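Written out below as structure tokens is the structure these notes cover.
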2 protein chains.
Amino acid sequence: MVRTVFEKPDAIALVAEVFRELGYEGASMSEITARTKLSKGSVYHFFPGGKEEMAAEIMAHIDTWFVTEMFRPLEEEDPREAIARMWETTDSYFRSGRRVCLIGAFALDETRERFPRPIRDYFHRWISALSGALARAGKPQPEAQALAEEAVVGIQGALTLARALGDEAVFGRTLARLKQRLETAVA
Amino acid sequence: MVRTVFEKPDAIALVAEVFRELGYEGASMSEITARTKLSKGSVYHFFPGGKEEMAAEIMAHIDTWFVTEMFRPLEEEDPREAIARMWETTDSYFRSGRRVCLIGAFALDETRERFPRPIRDYFHRWISALSGALARAGKPQPEAQALAEEAVVGIQGALTLARALGDEAVFGRTLARLKQRLETAVA
DNA sequence: GACCTTCTAAACCGATCGGTCTATAAATAG
DNA sequence: CTATTTATAGACCGATCGGTTTAGAAGGTC
């Protein structure tokens, strides 16, 4: 069955990948329509506010996803189990290092000036959620916070290097190292 | 004395900051001329090949700088002393987290496809140089390589988070942690 | 001083930019 | 079925894009 019409959630996901690959400025309308196979009419039907609205909706979509799949699970009963699952979720979300972090990419150039809050919140909430789990696992507060920050820093750095080196393996190595580090720190 | 003419090294440095702040796609000619105060005529006088040549020259300039200021010093006599100075050079180059890594930013979007080699080499050489110093400080090869990779990953991640959180302190904390980690690992 | 090279200024170019609009097709409700 | 809503297609718009050109100013050499 050939698809004839799209629905908004599809449109958000499709456009999101274009922004992720090309960045905010690089994601021109011609690239968006070419890569998503959506016509200009469809794109502006779903996002009357243009690129700004697309990016805002994409970030909201990412936010929702991370809250339900990454942050809330970190609040579940067994914190060590929760953290272990976070590494799996992270590896899967970033496709073992083949997919970059859209929010991280936005943070690096002037796109940050457009969306300072969602960008800041994304990282802040991730660190908070992980820090909370570490605290419940027995880490005193200041160290828990520092370890959580170290983990998120490592994830972002590994994504950058994986792309830069054209070698996704560095992402897997970094996740394994960080996992180990948080486990022994908590032991 | 008001400056009337520029020379090429000045032009490279000025244009580099625009690319660093806006990324390759975001650095439009109008932004370049506005922010550098160079006229379009001047810009194309220095870079007849346009944006592509500007970016290539900027990366060559960065490469030279890193070789003389970061990589070669890591080969000097006392490896621990050399590594200690690397942290200072890193902090100073990235302005304690206020300046982003142009090469890292290029790696994240499709700009990478334009310049895969210089981007890959930049990180590869940094890791190699640091790994060599760690090895000379007594670390067996596989761990030296892993620690060097961890350090460069951490630097990149910290730059991303510093920008994302609008809080440069995370960069200083990360450098301090990595410095400590490499010192104890080598002890 | 004359001469020559280097650098600047800005008008100008076609192509592409983000965005609008109108007509129509597809899906849904009655 | 008809009526209405929702989504698609693409022509079209002014603005900006990256880049070219030409004329002249600034700076060095003798």
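Quantities reported herein were computed from a predicted structural model and do not represent experimental measurements. Below, chain A is the first sequence line, B the second, and so on; all start at residue 1.
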Rounded distance in Å - [atom1] ([X]) to [atom2] ([N]):
X	N	atom1	atom2	answer
B:Lys8	D:dG27	NZ	C1'	19 Å
A:Asp10	C:dA27	CG	P	13 Å
A:Glu7	C:dA26	CD	P	16 Å
A:Ile12	D:dA7	CD1	P	12 Å
A:Phe46	D:dA9	CZ	P	11 Å
B:Leu38	C:dA10	CG	P	13 Å
A:Phe19	C:dG18	CZ	C1'	11 Å
A:Glu53	C:dG18	CD	C1'	14 Å

Q. Going 5' to 3' along nucleotides 15-20 of chain D, which nucleotides have protein heavy atoms under 4.0 Å from the base (write B), which only from the sugar-phosphate (write S), and which from neither (write -)?
A. --SBBB
Q: Can you sort out the partners of B:Trp87 under ring pair (Phe, Tyr, Trp, His ring centres under 6.0 Å), two or more places apart, ordered by chain and number?
A: none
Q. Distance check: side-chain N/O of B:Ser39 vs OP1/OP2 of C:dT8, anything under 4.0 Å?
A. no
Q. At under 4.0 Å, does any side-chain N or O of B:His45 touch on OP1 or OP2 of C:dT8?
A. no
Throw together a table of side-chain donor-acceptor distances under 3.5 angstrom for residues 56-69 of chain A, partners on residues two or more places apart or in other chains.
| residue | atom | partner | partner atom | Å |
| --- | --- | --- | --- | --- |
| A:Glu57 | OE2 | A:Lys8 | NZ | 2.6 |
| A:Asp63 | OD1 | A:Arg125 | NH1 | 2.7 |
| A:Asp63 | OD2 | A:Arg125 | NH1 | 3.4 |
| A:Thr64 | OG1 | A:Ala60 | O | 3.0 |
| A:Thr68 | OG1 | A:Thr64 | O | 3.1 |
| A:Thr68 | OG1 | A:Trp65 | O | 3.2 |

Q: Report the residues that fulfil side-chain contact (heavy atoms from CB on, under 4.5 Å) with B:Ala105, sequence neighbours left out, ordered by chain and then residue number.
A: A:Leu108
Q: State whether A:Phe106 and A:Arg112 meet the cation-pi test: NZ (Lys) or CZ (Arg) under 6.0 Å from the six-membered ring centroid, and within 45° of the perpendicular axis.
A: no
For residues 126-138 of chain B, please give each side-chain donor-acceptor pair under 3.5 Å, one per line with the distance, not counting sequence neighbours.
| residue | atom | partner | partner atom | Å |
| --- | --- | --- | --- | --- |
| B:Ser128 | OG | B:His124 | O | 3.2 |
| B:Ser131 | OG | B:Gln145 | OE1 | 3.4 |
| B:Arg136 | NH1 | B:Glu76 | O | 3.1 |
| B:Arg136 | NH1 | B:Glu77 | O | 3.3 |
| B:Arg136 | NH2 | B:Leu74 | O | 2.6 |

**Q.** Results of side-chain hydrogen bond (donor to acceptor under 3.5 Å, both in side chains) for A:Gln141 - residues two or more places apart only
**A.** none
